[in-house]
Amino acid sequence: MSSVVLRAEYRGDSPFVATARPRLSWVVQTNESGWEQHRVQLQLDSSQTIELFTSENTFVAWPFADLEEDEIHHVRVRIEAASGGWSAWSSNLKLRLATRGTWTAPFIGLPDPQRAAQPVMLSHDFDVQDGLIDAVIHHSALGAATVLIDDQAADDAVLSPGWTSYESRVLYDSFEVTDRLSAGTHRLAIELTGAWYTEEYGFGPQGTRVYGEQPVAALELRLRYADGSMQSIVTGSHWLADGENEIVDSGIYKGEFLDTRRRRTGSGVPASVTEVDAAPVPRTHEPVRRVRELSVRTHWQAPNGGYIVDFGQNLVGRIRLQVSGPEGSEITVRHAEVIENNELATRPLRRATATDRFILSGAPDQVVEPRGTFHGFRYAHIDGWPTDFDPRHVTAVVLHSDMKQTAEFSSSHLGLNRLHENVVWSMRGNFLSVPTDCPQRDERLGWTGDVQSFVPTASTLFDCAGFLGSWLEDLEFEQEQRHGIVPFVVPDALKFPVGPMAAWADAATIVPDTLTHRFGDEQVSVRQLSSMRSMVDAVQPFVDDSGIWQKHNQFGDWLDPDAPADAPGAAKTSSDIVATAYLYRSTLIVARWLRQQQSTLAMQYEQRAEHTRRGFHDHFVTPAGRMASDAPTAYALALHFGLVTDSTIREKLGQRLADLTRRNGYRIATGFVGTPIILDALTDAGHPDVAMQLLLQSDFPSWLYPVSMGATTIWERWDSLLPDGSINPGEMTSFNHYAFGAVVDWLYRRLAGIEPVAAGYRKIRYAPVIARQIDEVNASLESPSGRIETSWSRKGDQVHCHLVVPAHATAEVSLPDGQEYTVGTGTYHWLIDEAPVEFQKLHFGSTFRQLADDTEAREALWAPIEQFNSELAATLRKRIDWTLEDPLPVGLFDVPPPVQSEIAQGLERLNQLRFNPNQ
């Protein structure tokens, strides 16, 4: 038996679609081996059936007449297999058109505000007649709005409608409220704060409001009755505006002040009507919601009074309190990601005070929670609790754009599992309305370089196609304001007059191209093609005659671990190498999409790309296979971006990359640019063992160093927390920054073997890296082609490999023992004989190179030195070159003889375990 799951466009959480011709996607769930789709029947409203002979299952064109406003439709699908036999019909998918022919509801606000960004309650009473059969609210805001019906929230979205490039685009949300309305009088209200619209952006002690001084909102309630009549309730000057309500003050950075004694609706003065340049457009992706709650893990009394609570997880959201106290009691809640000297560490927050204040009304068991702000925190300091403090009445409410998580990973390596979870939590926290760099300090901006580096991982972990597709519309608008130049952040709240910035600007090409490849949505890249071209063309004036982009300001390999704390752009790899490599990659992407669209311009961009590739090779690559910058990021770019095609030179570059990684003791040596691609570069160059050593290193700097320090999210810097537990002294230090978590895509594609070859995972490559350091790996992915499952596990000298290929996919299988297959839908198992590890006997006269690839031997060397003097160990870790053929005493001359003797004894014990285990 097979079943079918059907979806329209990007959302599965709402019947509303933003187009009259929504594309349809479906997934057949079947256990039939070799199943293939042959024919499709789509049925609209149980009355009209369309038959399609197609193998496509993602974003299939709408085959019926256009959807109409205010109409409710139901569509379902069933599939005929190539082997014969039909699936059951899918469940009916309810569809409604969110698009309004013309937005008629005016934006309204407070007519005479007393202060900037003043929160306001807008309200209006209306009557519902008998016979109501349908009620829909469409609402928009420049700010963050909560719609209330009779003083209760009308839907579950928060911070609605979210942040966009307000000058061009403001979203509106649509939802049904039929079951909330009966015949009689009701009160409709909008609780409104400024949020992103009135926030003060910029670096330094004082920010700037770049959008507006006061929030405004617009709403239309559409009522349909059984007799066919319609009633429309819209905002206007007849609504009341109350600026002295429960929310006294609110800001994204500073937090919120609520005086619950002032809670009311239905009061105020006539609202003012405001002209808004951008007509609202319907949302195409999930809104921000409360997605989970966490209880206090532990708490203690703070040295300066009050209590500090620890939720055990760095998260993004806010705190809800349930508390009884006398009227007028004030509770203050401050937030932070880390603790220093048993107090909240707030220095990393910079200008963001991240403080919520609540004045109680005196009601028993009062529940209070901010509505117009969010914070990044693991810890909170609570002061002013009016009775005996009970942490059970304190709850962390997790917020993020409510995308569906699509991937799961686990292994026998606990540190790797925690790393994966840290990345998931960082993506949750930073994919909140826009893809931000961090969620806690006075920034929280949509940095384009972060998204560009992380988009493959994002597209694996969550169904973010709608979320990032919407963000790309803002990116294109911001480009248009700068003649094709992509700003550092989108939406551009900084308004810096900047030139193109390699790896940041390339979000314009890499993000849509990746979305197409991972989700099978060709339309997003076709739609963004003009933006892609514009970005590449904007770089051309900065390119010299040899095709090189050089001698211009760049972020480069940002946050190289060897860069000084106060100079994060001072990387080992030349920024000219980074810029030219990305110019080539983006130009090639543009050429490929122009070729796909059969454009006559394709050849022009192909020639540009080849000119840049040759220039890169001539300027930055030596005949001996060395890069002009002898640093891992330079080699990774040359290899992974295909800038070097000669097989002999590629082999030399790959060997040098492996040697550099080994020389550094398998500690990470890359920043924003090199980190996402270095494991692929090593693996493709034939050094998967080196890639694994790098991945599993836990010394600083490494992916697992933060894990060893108790991190529950990905850090901005490799050493946001120093080994002694103190906070990095740099001006920018975040403990929730997803960029370095880009490595997780490699875990799925290479370690687990779920690698997309064709768009939408229609074809996958299963060629898992079987690592000696790990005994088991399990992964699954809810792909557009269906659920893919893979695993491998070691039992003695054999490895068991397991693969589940979904209904709409095929797989190319390449196993480590040379077996190769092409398989279709089904479940597969293979057993591989694994050659035993060949060890060599080690002693204190062995060379550093002989110990370099042996994790246990290196540990036998470091353990006595660490025990003797951790500072000496730290010095030696920086100094030792593990590629040297010199014996250990040459490099350990400053290690005292007794410690040298302990190292020798440890190596001998290792020999005994390996060669004489029974003695």
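Note that these values count all heavy atoms, side chains included, but never hydrogens, waters or copies made by symmetry.
The shortest distance between side-chain heavy atoms of Leu722 and Ile727 does not fall below 4.5 Å.
Between Phe467 and Phe431, the ring planes are parallel. Angles under 30° get that label, and only those over 60° would be called perpendicular. A parallel orientation is assigned to the rings of Trp504 and Phe672, their planes being inclined by less than 30° (bins at 30° and 60°).
A donor-acceptor pair is defined here as one N or O able to donate and one able to accept, closer than 3.5 Å; such a pair exists between the side chain of Arg717 and the backbone of Ala565. The closest donor-acceptor contact from the side chain of Asp659 to the backbone of Arg656 lies at 3.5 Å or more, if one exists at all. Between the side chain of Gln850 and the main chain of Thr847, a donor-acceptor pair closer than 3.5 Å is present. For the pair Thr457 (side chain) and Asp745 (backbone), a donor-acceptor distance under 3.5 Å is present.
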### Task
Give the intermediate values and the outcome of ring-ring contact (aromatic ring centres under 6.0 Å, His included) for residues Tyr748 and His420.
CA-CA 10 Å; Tyr748 283 92; His420 177 271; 5.6 Å; yes
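No hydrogens or angles considered: a donor-acceptor pair under 3.5 Å links the side chains of Ser726 and Asp724. Side-chain contact of Asp699 with Tyr666: a donor-acceptor pair under 3.5 Å is absent, judged by distance alone. Gln697 and Tyr705 share no side-chain donor-acceptor pair at under 3.5 Å.
Of the charged side-chain nitrogens involved, at least one lies within less than 4.0 Å of a carboxylate oxygen, so that Arg787 and Glu789 count as a salt-bridged pair. Contact check on Lys404 versus Asp463 returns no salt bridge, with no Lys/Arg side-chain nitrogen under 4.0 Å from an Asp/Glu carboxylate oxygen. With respect to the salt-bridge test (charged N to carboxylate O, under 4.0 angstrom), the residues Glu812 and Arg765 do not qualify.
Figure legend: Arg378 and Phe311 shown without cation-pi pairing, the cationic atom not lying both under 6.0 angstrom from the six-membered ring centre and within 45 degrees of its axis. Under a cutoff of 6.0 Å and an axis angle of 45°, Arg877 and Trp862 form a cation-pi pair. The cationic group of Arg444 lies under 6.0 Å from the six-membered ring centre of Phe374 and within 45° of the ring axis, placing it in a cation-pi geometry.
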